[in-house]
Amino acid sequence: MVRSACGGGGVTTMAILMCPPDFFGVEYEINPWMHVQVAVDRATAVEQWDALHRTYDELGVDIELATPHRGLPDMVFTANAAVLANGRAVLSRFHHAERAGEEQHWRAELQRLGYTVHELPESVSFEGAGDALFFGDTLVCGHGFRTDEASHAMVADLLGVEVLSLQLVDPRFYHLDTCFCPIDERTALMAPAAFSADSLERLRALVPNPIEVPADVAAGFACNAMPVGERVVSSTSITAVSEPLRRAGYETVALPMTEFMKSGGGVRCLSLPLLPSGG
Ligand code: ARG
């Protein structure tokens, strides 16, 4: 069982929301990784998802499962459901119509899990934990591709947290969780190529121990990682930064994610942490 320090100084069990890949596929193109003519190997996708599920289970994580729905192939990417803090959820407003049908299901799932669900005005896009990650008490938020900058202040207000807004400039890293991963209070993975010069400066000022990830390694979804206790679970490209992670006190767990990468996702996209930051 994984015990993590939570805000109050106590310990909590870590929980992660996943959604089985029953209806996963690349059926439309809404990011540069997706090509409808490149077939997803369904059996391999199921194996890769099962391996991630098993890894979490073996590391003592409690796993909650969302119900997948036919016709919503990206529901497997639970990171995009909402951002969570203090028992509250701010539901995503998907930028692309192709994913908007997920919102009603995420609302129901999060209510089932006990969250008070808040919604943003229809006029703004916001893609949940894909574009909003806590580094300590600061909610680091990305904008530029899927999430509108205007949503950041609204999310900060609804959750009662401080936000740092960063501009994403490389379409390969269209969600913040493809290029930034908080590991602990001091350490984070970050891909400098993904950020505007000004945003990179602000991110470097926030993180005392940045592990900088070259663009080609980040393009293997290395930063799309999930820290679990003293492990960092990610795609196979994480091995390129296993040394700096080891120096920071972490072992890497490298899992093949080839089928989900065809959709522009990796380990972190498939995982929405419910505790401790989820409250
Ligand atoms: N195909 C999905 C999309 O483009 C992938 C989502 C990846 N999720 C993430 N949190 N980065 O929306």
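Values below: every heavy atom of this structure, side chains too, minus hydrogens, waters and symmetry copies.
Counting heavy atoms of neighbouring residues, nucleotides and ligands inside a 6.0 Å radius, atom CD of E162 does not exceed 12 of them. The number of heavy-atom neighbours closer than 6.0 Å to CG of D216, taken from other residues, nucleotides and ligands shown, is above 12. Taking a 6.0 Å sphere around CZ of R202, one finds it holds more than 12 heavy atoms contributed by other residues, nucleotides or ligands.
In terms of the side-chain hydrogen bond (donor to acceptor under 3.5 Å, both in side chains) criterion, T78 has no residue partners (sequence neighbours excluded). Residues that satisfy the side-chain hydrogen bond (donor to acceptor under 3.5 Å, both in side chains) test with H118, not counting sequence neighbours, are absent from this structure. Residues forming a side-chain contact (heavy atoms from CB on, under 4.5 Å) with A218 (at least two apart in sequence, or on another chain): F173, A191, V213, C223. Applying the side-chain hydrogen bond (donor to acceptor under 3.5 Å, both in side chains) test to E243 and every residue at least two apart in sequence or in another chain returns R246. Legend: residues meeting side-chain hydrogen bond (donor to acceptor under 3.5 Å, both in side chains) with R112, ordered by chain and number and at least two apart, are E109.
D74 contributes no side-chain N or O that, together with a main-chain N or O of F77, makes up a donor-acceptor pair within less than 3.5 Å. Put simply, the side chain of N80 never gets that close to the backbone of G128: no donor and acceptor are under 3.5 Å apart. Without hydrogens or angle criteria, D148 side chain to S125 main chain gives a donor-acceptor distance under 3.5 Å. Under a 3.5 Å cut-off, the side chain of R88 and the backbone N or O of L158 do form a donor-acceptor pair. Side chain of S235 to backbone of F221: a donor-acceptor contact under 3.5 angstrom is found. With hydrogens and angles disregarded, no donor-acceptor distance shorter than 3.5 Å links the side chain of T252 to the backbone of S242. Looking only at distances, no side-chain donor or acceptor of E64 sits under 3.5 Å from a matching main-chain atom of A15. Using a distance-only test at 3.5 Å, with no hydrogens or angles considered, no donor-acceptor pair links the side chain of E103 to the main chain of L91. Panel note: side chain D177, backbone L133; no donor-acceptor pair is recorded below 3.5 Å. The backbone N or O of A254 sits nowhere less than 3.5 Å from a side-chain atom of T236 that would complete a donor-acceptor pair.
Expressed to the nearest 0.5 Å, how far CE of M14 lies from CE of M226 amounts to 5.0 Å. In this structure, CG on L270 lies 10.5 Å from CD1 on I16, to the nearest 0.5 angstrom. To the nearest 0.5 angstrom, F23 atom CZ is 8.5 Å from R42 atom CZ.
Ring geometry for F180 versus F135: interplanar angle of 30 to 60°, hence tilted.
A pairwise comparison of heavy atoms in H152 and G142 identifies NE2-O, 3.0 Å as the closest pair. Annotation for H53 and I63: closest pair O-CD1, 3.4 Å, computed over non-hydrogen atoms. The shortest heavy-atom contact between W33 and S263 is CB-C, 4.4 Å. Here the closest non-hydrogen pair linking L139 and A132 is CD1-C, 3.8 Å.
Through side-chain heavy atoms spaced under 4.5 Å, either directly or across other Ile, Leu, Val, Met, Phe, Trp or Tyr residues, V169 is tied to no other residue.
Residues D198 and Q167 have side chains not in contact (no heavy-atom distance under 4.5 Å, counting atoms from C-beta outward). Residues C181 and R268 meet the side-chain proximity criterion, which asks for heavy atoms closer than 4.5 Å. Between H143 and D131 the shortest side-chain heavy-atom distance does not fall below 4.5 Å.
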Item to check | Worked verdict on S271 versus Y56 for side-chain hydrogen bond (donor to acceptor under 3.5 Å, both in side chains) | outcome: CA-CA 10 Å; S271 318; Y56 286 148; 2.7 Å; yes

Item to check | Audit row: K262, E259, salt bridge (Lys or Arg N to Asp or Glu O under 4.0 Å) steps and yes/no | outcome: CA-CA 5 Å; K262 292 175 183 170; E259 301 317 297; 2.7 Å; yes

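Both V267 and V40 belong to a common hydrophobic cluster when Ile, Leu, Val, Met, Phe, Trp and Tyr are linked at side-chain heavy-atom distances under 4.5 angstrom.
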